[in-house]
Amino acid sequence: MTDRKIRVLVGKPGLDGHDRGAKTVATVLRDHGMEVIYTGLHQTPEMIAEVAAQEDVDVVGLSILSGAHMELFPRVRAELEQRGLGEVMLVGGGIIPPEDAAALEAQGYARLFGPGTPTEEIAEWIKARMGERLAAEGGGA
Amino acid sequence: MSSAADIVERLRAGERVAVARLISWAENGDARFAEALGSVFEDVGRGRRTGITGPPGAGKSTLTNELTGLQRAAGRTVGILAVDPSSPFSGGALLGDRIRMEERTSDPGVFIRSMASRGSHGGLARAAIDACDVMDAFGYEELLVETVGVGQAEFDVMEAVDTVVVVLCPGAGDGIQAMKAGLLEVADVLVVNKADVAGAERLLTDLEDAVALRRRAEGAWEPPVVACSAGRGEGVEGVWEAVEHHRRWLAEDGRLRARRARLRIAQVRGAVAEGLAARLWGSGGLTERARSLLEEGGTPYDVAADLLSAVSARVVEPEEVSGS
């Protein structure tokens, strides 16, 4: 009897103090049947990766509105890899110019969602991608 | 895909991600969990298990965080399981207890796992004891289990831990609430949190009266009532002293052994009930027979009696079943 849920960490790295968007996305993901761990504000990349490890999440979603995304996203990625969590799907959102989004996606971020993305689209995208991954693993992880 | 043997090896090597993965397997009903548990079960039982329960907003996470701080100051490692409710509609959950324990994230002597209650309605999750067993096998010395915010009838925690701490706070009902059956009876330690808030003294007195009025068997444990303000870090030592006091009592006359044996029996009964329910009501199960009997005009109890006799005939005559 298996009961596999998608587990997602929603985190706010760095110094910006606005988490309304992160909370909105967290709520929408919950309403799509996911188990969402919300870390709160002002997280370092180390803290986010450590929480991802302890919580065994499938997806890490970062919200950054401060403009420090080119600095913070790669550091989170590196911290995850250092813990053997290179498989974890990374997504992000916030005020990220398209050229930066393209650069980050090229570095291994699965997907960056810009301002104005309908929240439903984010949830559906994660579900579809995780569905493919779980099917490839035969339903387990 | 990793095998159970791989993960057990990594657990023994001290890799925290192995703890996390094993807990996920337990939650997901992955068959590899039982195999892995079998390999490490001899290492389970050294950790001391304390449950923290109480209504929403009473301060369970804050108290858990403060108690963790005390343990760390004393040099003991801590494994925390924090359970939050799953949505009955979407099946999803928002797990936010970590926020109040954020300062522990960078401490290698603390492991925190958030868990959604999924189908359970008793204040814990089906895999809560499994998660404790995994953290215990890894070597965490103090295991703290925080339940969902409970009302008056969620008592699973009493069959999951050595010591149950019930956290209440002023402003959530009068003395009659405190005297009702239920939450008070499962408490080994009663905590009045937010002791700096108006009404705390009254609640303390009400609880002391309720404890004093309860009939209890000769030599039974009388739960102490302790006040604290976890958010200010005040009085938390007193809470832990009460837990330690209960432990000393448990250590006498084989009480701890008896309590843990009762816990495991409850766990076996739960697992059997779950397995039976899946077989009985799964595809090709009894649902169709129940439906047709109901359509013939039977009462729910007639139908249940019919199904029970059909099932128990097989249970009490196993040879016939295996021979058929």
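Below, read A as the first sequence line, B as the second, and so on, with proteins coming before strands; counting in each chain starts at 1. Note that this is a predicted model, so its numbers are computed, not measured.
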Using heavy-atom distances under 4.5 Å, tell me whether B:Glu27 contacts chain A through its side chain, its backbone, both, or neither.
both
How far does CD of A:Gln54 sit from CD1 of B:Ile23, to the nearest 0.5 angstrom?
9.5 Å
Let me know if B:Arg113 has heavy atoms under 4.5 Å from chain A in its side chain, its backbone, both or neither.
both
Taking 4.5 Å as the heavy-atom cut-off, does anything in residues 82-98 of chain A contact chain B, and if so which residues?
A:Arg83, A:Leu85
Over 12 non-hydrogen atoms of neighbours within 6.0 angstrom of CD in A:Gln107:
yes
Would you say CZ of A:Arg20 has more than 12 non-hydrogen atoms from neighbouring residues, nucleotides or ligands within 6.0 angstrom?
no
For B:Arg269, does the CZ atom sit with more than 12 other heavy atoms under 6.0 Å from it, leaving out its own atoms?
no
Close contacts, residues 100-107 of chain B versus chain A, judged by heavy atoms under 4.5 Å
B:Glu102, B:Thr105, B:Ser106
Verdict with reasoning, B:Ile99 to A:Tyr38, per side-chain contact (heavy atoms from CB on, under 4.5 Å)
CA-CA 8 Å; B:Ile99 293 177; A:Tyr38 180 58; 3.5 Å; yes
Separation between CG of B:Asp84 and CD of A:Glu35, rounded to the nearest 0.5 Å
10.5 Å
Heavy-atom pairs under 4.5 Å with chain B: which of A:Glu55, A:Glu46, A:Met47 has the most?
A:Glu55
Counting heavy atoms not belonging to B:His121, are there more than 12 under 6.0 Å from its NE2?
no
Heavy-atom pairs under 4.5 Å with chain B: which of A:Gln43, A:His32, A:Arg7 has the most?
A:Arg7
A side-chain contact here means heavy atoms from C-beta on lying under 4.5 Å apart; do A:Thr27 and B:Leu94 qualify?
yes
With side-chain contact (heavy atoms from CB on, under 4.5 Å) as the test, would you mind laying out the steps for A:Thr39 and B:Arg98 before giving the verdict?
CA-CA 7 Å; A:Thr39 65; B:Arg98 295 192 77 99; 5.7 Å; no
Once you round to the nearest 0.5 Å, how far does CD1 of B:Ile112 lie from CD1 of A:Ile37?
12.0 Å
What residue in B:Ser24, B:Ala20, B:Ser87 has the most heavy-atom pairs under 4.5 Å with chain A?
B:Ala20
I'd like to know if the side chain of B:Arg118 and the backbone of A:Asp3 have a donor-acceptor N/O pair within less than 3.5 Å.
yes
Check whether more than 12 heavy atoms from other residues, nucleotides or ligands sit under 6.0 Å from atom CZ of B:Arg279, and answer yes or no.
no
Among A:Ala26, A:Gly33, A:Gly40, single out the residue with the greatest number of heavy-atom pairs under 4.5 Å to chain B.
A:Gly33
Among B:Ser86, B:Ser114, B:Gly96, residue most engaged with chain A (heavy-atom pairs, under 4.5 Å)
B:Ser114
